[in-house]
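A quick note: this is a predicted structure, and the numbers were derived from the prediction, not measured.
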Amino acid sequence: MCGITGWVSFHRDARTRAPVIEAMTATLTPRGPDAGGVWLGERAAIGHRRLSVIDLVGGAQPMTDDRSDVVLSYSGEVYNHHELRSRLRGLGHEFRTRSDTEVVLRAYAEWGEAVAEHLDGMFAFAVWDEREQRLLLVRDRLGVKPLYWAAVDGGLAFASEPKALFAHPEIRPRVDADGLREAYGLLFNTGPTVWSGVREVEPGGLLVLDRDGVRERRYWQLEAGTHDDDRDTTVERIGELVGTAARSQLEADVPLCSLLSGGLDSTVLTALLADELRLREGQDARIRSYAVDYSDQAARFTGDVLRTGHDTPYATEAGAFIGTDHSTVVLDPLALLDPEHRKAVVVARDSPIGVGDMDTSLYLLFGEIRRHSTVALSGEAADEVFGGYPWFHNPKALAADTFPWLLVTGDEAAMPLNPELDLRMGEFRADTYRSALAAVPHLDDETPTEHRQREMQHLSLTRWLRQLLHRKDRLSMAQGLEVRVPYCDHRLVEYAFNTPWALKSHDGREKSLLRAAGTGLAPESVLWRPKNHYPATHHPEYNRGLQNMARDTLATEQVRTLADETRIKPSLDTPPDRLEWGHRLRLERVVDLALWLDHHQPELAL
């Protein structure tokens with residue numbers, strides 16, 4: 001896991017601009033605290049920061065081929081690198097290292113632009129080909145790893161995070177009305193961003209720049225297909241796919257652990273990892289596992305629209321059942337108000353949109369984990385893959401003519417923007433929803449139920465999941481921690497996407513297939529536990545402190561320019577012990593907006 005950056009310009013000599021690429025690369029030091037390097041050519045400048053995970057000595061970057069004709073800056077993990085190495089050796093390639101980075105380099109030499117289709121994993125990388133005078137940018141299929149780009153004179157610049165782009169003198173942080181709609185519409189488009197002129201490479205996409213200009217295409221996307229397996233065969237196949245994904249992601253030359261919340265997803269994953277570790281290292285081997293809690297949670301927990309119970313007892317039971325070396329990181333709720341913690345989170349995200357205390361606590365959790373481990377495995381994406389969210393099962397959500405997550409808390413959780421901006425958010429959401437549905441693949445003979453559930457799963461996998469992956473990447477990499485997500489294995493996603501809804505819900509509950517495949521891997525209490533989201537603090541003094549921060553924030557001119565103070569006021573006036581989650585999130589976003597404006601000092605072109 002690393003940070004990549006650079007630019008290509010056919011109008012300027014990059015060799016005279018070493019300070020620029022060095023500054024861009026330096027912004028990504030938290031993503032790669034172990035090493036860094038730059039490469040300069042006449043038309044290209046390439047930078048890299050490294051978090052060493054595999055082949056600690058041999059994987060230095062930017063990496064070049066034997067003649068320095070091809071330069072690679074790579075972030076992520078390719079889990080099938082052993083198989084590819086063997087295949088490439090058979091094709092005559094020789095290797096200097098045992099890193100997956102060199103496998104990607106040699107694979108490009110063999111297959112060129114088609115290299116992405118041979119890689120299994122999470123990755124974002126840039127290849128500059130001196131011979132062809134061509135830049136190739138590639139992002140993994142589900143968009144686990146980030147990759148941004150923006151135009152510069154005679155070419156483009158790219159980076160793992162927008163902050164690196166803003167270190168280039170031709171790219172300034174600028175926000176217009178389109179950017180505000182992208183940020184606060186909560187629709188999670190990819191391509192455009194909150195920043196004017198800054199775009200993402202699409203998940204499953206690649207970009208090519210040469211003297212003829214920029215060309216983008218998708219090398220992977222979800223497709224509709226038939227499913228002929230019966231229930232038993234489907235459950236068996238799901239178990240195989242989840243197991244293969246988990247085992248393939250256990251490789252590391254650094255300490256590794258699992259995130260264990262006590263839910264079905266993380267428990268099944270941790271059990272598979274623990275079993276594989278014992279097979280490799282002996283029956284006494286124990287995988288580390290981590291959960292998060294708040295010091296007041298046991299006494300103060302109250303359910304809300306997203307949370308049905310207290311995680312810690314389930315996580316503890318699951319750890320004991322599996323036999324992990326389990327730890328619960330207990331946070332003081334008032335520490336989540338620390339301005340330095342909150343600023344670090346907003347800086348990591350490069351965005352005003354987050355989930356407040358849940359982001360800060362995740363950032364602090366990752367900091368504690370990083371003291372012992374460099375790699376963590378997470379159960380992210382199981383809800384999207386197996387139909388775990390309420391909107392898959394709620395008739396109101398299924399019938400709604402909008403994105404289903406907008407019904408969870410309505411507009412209460414979205415910070416109201418100043419009506420004088422005239423953003424026409426309702427029109428933007430309606431247009432985007434129609435476009436999103438038009439992109440869903442279908443079979444000709446689908447029943448109405450299957451048709452709608454396929455739409456729900458496609459929206460969840462291609463939009464909702466993206467903001468969760470964004471959150472996890474930024475907050476983990478800000479602490480120098482690599483997080484792997486086995487449920488994002490594209491073969492598992494493809495198979496589950498085309499499994500009929502009747503099989504996905506065969507036991508009358510959410511995530512029926514994962515529960516059936518996980519039988520024996522988790523305690524019964526966990527197998528049948530209702531869906532529970534990431535925990536939030538319930539401490540009234542946290543709410544009081546948040547209200548005070550929001551009041552101070554609204555005193556600043558730029559925030560008042562963007563925020564509708566009259567609609568925020570009820571959340572400020574509610575007694576702290578009665579502040580509901582959705583209204584609190586509105587205050588969280590006001591505070592984050594102020595921090596974002598203060599850090600980036602963006603030009604507001606409204």
Side-chain angles (χ1 to χ4, degrees), residues 231-232 234-236 238-239 242-243 246 257-278 286-331 358 361-362 365 376-390 392-394 485-487 496 503-538:
R231 189 171 82 178
D232 289 346
T234 299
V235 170
E236 181 181 4
I238 289 293
V242 173
C257 69
S258 179
L259 305 180
L260 179 60
S261 69
L264 175 65
D265 316 338
S266 64
T267 301
V268 169
L269 174 61
T270 302
L272 290 167
L273 296 171
D275 286 347
E276 179 65 18
L277 193 66
R278 283 190 282 264
R286 294 164 66 90
I287 191 170
R288 282 182 175 268
S289 62
Y290 290 91
V292 67
D293 202 356
Y294 306 100
S295 57
D296 68 319
Q297 194 82 330
R300 295 184 183 274
F301 177 82
T302 52
D304 57 32
V305 69
L306 296 178
R307 296 164 195 87
T308 59
H310 184 199
D311 277 342
T312 293
Y314 292 95
T316 302
E317 182 184 7
F321 181 90
I322 298 167
T324 72
D325 182 3
H326 187 69
S327 300
T328 300
V329 176
V330 180
L331 303 175
M358 292 185 286
S361 69
L362 188 63
L365 169 65
L377 285 95
S378 171
E380 216 77 63
D383 286 302
E384 290 80 3
V385 171
F386 296 110
Y389 290 118
F392 287 101
H393 311 272
N394 185 318
V485 281
Y487 290 115
L503 290 177
K504 288 195 184 86
S505 58
H506 67 79
D507 62 8
R509 290 280 304 277
E510 73 284 352
K511 293 185 282 195
S512 304
L513 291 174
L514 182 60
R515 182 176 300 104
T519 300
L521 296 174
E524 286 293 310
S525 61
V526 171
L527 279 176
W528 295 98
R529 184 187 179 198
K531 165 68 183 171
N532 203 49
H533 288 259
Y534 185 88
T537 180
H538 298 268

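- A side-chain contact (heavy atoms from CB on, under 4.5 Å) with Tyr389 is found for one member of Lys511, Lys531, Glu510 and no other, namely Lys531.
- Remark: Ser327 engages no residue in a side chain to side chain donor-acceptor pair (under 3.5 Å) (not counting sequence neighbours).
- The CG atom of Leu331 sits 8.5 Å away from the OG atom of Ser295 when rounded to the nearest 0.5 Å.
- Residue Arg515 comes nearest to Arg509 through the heavy atom pair NH1-CB, 3.6 Å, listed as atom of the first residue, atom of the second, then distance.
- Using modelled atom types and a 3.5 Å distance limit, the side chains of His506 and Ser512 yield no donor-acceptor pair.
- Side-chain atoms of Ser361 come within 3.5 Å of backbone N or O of Met358 as a donor-acceptor pair.
- Of the candidates Thr270, Leu521, Ile287, Leu521 is the only one forming a side-chain contact (heavy atoms from CB on, under 4.5 Å) with Asp275.
- With values rounded to the nearest 0.5 angstrom, Ser261 atom OG is found 11.5 Å from His533 atom NE2.
- For the residue pair Asp293 and Thr312, a side-chain donor N or O sits within less than 3.5 Å of a side-chain acceptor on the partner.
- Here the OG-OH distance, from Ser378 to Tyr487, works out to 9.5 Å after rounding to the nearest 0.5 Å.
- Between Ala246 and Leu273, the shortest heavy-atom distance links the atoms O-CD2, 3.5 Å.
- A side-chain contact (heavy atoms from CB on, under 4.5 Å) with Asp265 is found for one member of Val385, Leu259, Leu514 and no other, namely Leu514.
- Note: Ser505 OG to Leu513 CG = 8.5 Å, rounded to the nearest 0.5 Å.
- Side-chain atoms of Tyr314 and Thr267 include no donor-acceptor pair closer than 3.5 Å.
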Exercise. Evaluate the salt bridge (Lys or Arg N to Asp or Glu O under 4.0 Å) criterion for residues Asp311 and Arg529: first the C-alpha distance (whole Å), next the side-chain angles of each, then the deciding distance (0.1 Å), finally the verdict.
Key: CA-CA 10 Å; Asp311 277 342; Arg529 184 187 179 198; 2.6 Å; yes
